[in-house]
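Everything below concerns the one structure shown next.
Treat the numbers as computed from the prediction; the structure is a model and nothing was measured.
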Amino acid sequence: MRAEQPFSATTPRPPLVAGPVIALAWLLFSGFMVLLIFGQNLSAGTPTDWREALGGRLLHGLIWGLLTPVVFALAARFDLTERRRWLPKLLAHAAASYGLTLAYRLVYAGAMDAVGALPGGFSLASVVANANNWVPIYWMLLCIAYAVQYRERFREGQLRAAQLETQLVQAQLQALKMQLQPHFLFNSLNAVSALMSADVKAARRMLAQLSQFLRLVLDGADAHEVTLAQELHLTRLYLEIEQTRFPDRLVVAYDVTPGTEGALLPALLLQPVVENAVRHGLAPQAGAGELAISARQQGGRLLVQVQDNGRGTTNTAARGIGLRNLESRLATRYGPDYAVTVDTAPGQGYCLRLSLPFVAAAPAGQSLVTA
């Protein structure tokens, strides 16, 4: 990935408004003034001097079109939106407003006199005396410059806020994933340690399964979302490790509706849920434990269910670290657009249901598809 270059004082800033936009704006303004002069003369019954009306307005727009970037540059150089040294900047703009307006009137009057379209002829004293009448144009352009500058700053602020929010979400997801991975690793190593004295072959097989599991986890360490098929694959590896440890005490059934395997969900979402069901729902009871994992699509939702036949409890509001992490990750990823429900009763086990937006993973180069 190409790193962005930081902005420095030597990096040229793009103009506030592109040159073609400035030219088009003044051309439209000049056309409007020509129509206005023609309409006034027509209503008064006065013939229109097209050299002065058309040529003069176009020349007016041309000169101010060339001066507009200068005004915008002065607006940035002497920024009145900053409180520091406000008075000197205001005086600089006052001087610039008269100086540029005087230059405009001298060029305009000289050009119009050259083609014989200036009433009364050219008079330097008259140009200097009347230049202040056109000073408001400078201040109008200055206000436009600050309005455009404010808009750009607002958009940049929104972009920075969005980038910071994205970085925060990624950091939160990564922190939550880091809580889950060591938790599973330590539990699995404890299970291997318990098997070493009873069944060495089973312990070796369990280490191989754990190695495969960790390899897949590390390969996707930077992925915040995976497909349901990938998540189920990791979950199967975990359950195979548990079945190696308790070959006669764990029966697993899967019911995954075709078409749901490509749905996206946060990485390492199901494995902690299944681990919680095995360790706290099934392990404490005597006899065989049954675990059922199902997934289906209903409208625009992905519905996932993990159910065991463990002892259950009367406290349906209890939330351990696994469920708290689960809900934190879902809230970070989906906001309020998710649902987690837990049904349990003594002797009836636990049933955890997830409802997530169904977002199908798209082929490379294509956008995601939301059902």
Side-chain angles (χ1 to χ4, degrees), residues 6-37 51-157 159:
F7 176 80
S8 65
T10 59
T11 304
R13 285 183 176 271
L16 283 178
V17 181
V21 176
I22 294 175
L24 179 61
W26 277 111
L27 180 62
L28 293 175
F29 178 78
S30 300
F32 171 76
M33 292 302 298
V34 170
L35 293 176
L36 183 62
I37 293 172
R51 290 185 305 172
E52 196 280 331
L54 181 59
R57 296 314 97 198
L58 291 177
L59 180 61
H60 171 88
L62 174 62
I63 298 173
W64 275 113
L66 296 174
L67 291 178
T68 296
V70 179
V71 177
F72 286 178
L74 290 172
R77 176 66 179 83
F78 304 100
D79 193 350
L80 293 177
T81 62
E82 297 180 356
R83 296 183 179 181
R84 187 170 59 90
R85 302 185 62 187
W86 184 79
L87 183 58
K89 295 176 183 178
L90 181 62
L91 295 177
H93 281 297
S97 65
Y98 185 80
L100 289 181
T101 302
L102 180 60
Y104 150 69
R105 290 308 298 172
L106 287 173
V107 173
Y108 178 84
M112 293 298 289
D113 182 65
V115 296
L118 184 66
F122 179 83
S123 171
L124 179 60
S126 177
V127 169
V128 173
N130 296 323
N132 62 318
N133 295 332
W134 304 90
V135 167
I137 296 179
Y138 176 94
W139 293 97
M140 177 193 71
L141 292 174
L142 195 65
C143 291
I144 293 175
Y146 288 134
V148 174
Q149 180 176 294
Y150 177 80
R151 184 198 64 181
E152 292 302 316
R153 287 177 178 174
F154 179 74
R155 292 175 59 184
E156 290 175 0
L159 178 60

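At a threshold of 4.5 Å between non-hydrogen side-chain atoms, the residues V135 and L100 do not count as touching. Residues H60 and W26 form a side-chain contact, since some pair of their non-hydrogen atoms from C-beta on lies under 4.5 Å apart. Side-chain atoms of W64 and T101, non-hydrogen and from C-beta on, do get closer than 4.5 Å to each other. Taking the side chain as every heavy atom from C-beta outward, T68 and I144 never approach each other to under 4.5 Å. Inter-residue side-chain proximity for L27 and L58 is flagged as met; some heavy-atom pair is nearer than 4.5 Å.
Note that the CG atom of N132 and the CZ atom of R105 stand 11.0 Å from one another [nearest 0.5 Å]. Once rounded to the nearest 0.5 Å, the distance linking CD1 of I63 with CG of L66 reads 8.0 Å.
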Inset, instruction - Evaluate the criterion side-chain contact (heavy atoms from CB on, under 4.5 Å) for residue pair L141 and L67; output intermediate values, then yes/no. - result: CA-CA 10 Å; L141 292 174; L67 291 178; 5.9 Å; no

Inset, instruction - Test side-chain contact (heavy atoms from CB on, under 4.5 Å) on F72 and V148 and set out the steps. - result: CA-CA 10 Å; F72 286 178; V148 174; 5.7 Å; no

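With sequence neighbours excluded, the residues that form a salt bridge (Lys or Arg N to Asp or Glu O under 4.0 Å) with R153 are D79. Take R77 and apply the side chain to side chain donor-acceptor pair (under 3.5 Å) test, not counting sequence neighbours, and it matches no residue.
In this structure, H93 and Y146 approach most closely via the heavy-atom pair NE2-OH, 3.5 Å. Nearest heavy atom pair, residue G65 against residue I22, reads O-CG2, 3.8 Å. For V128 against Y98, the heavy-atom pair with the smallest separation is O-OH, 3.1 Å.
The neighbour count for W139 CH2, taken as heavy atoms of other residues, nucleotides or ligands under 6.0 Å away, is above 12.
The aromatic rings of Y108 and Y104 are tilted relative to each other, their planes meeting at an angle between 30° and 60°.
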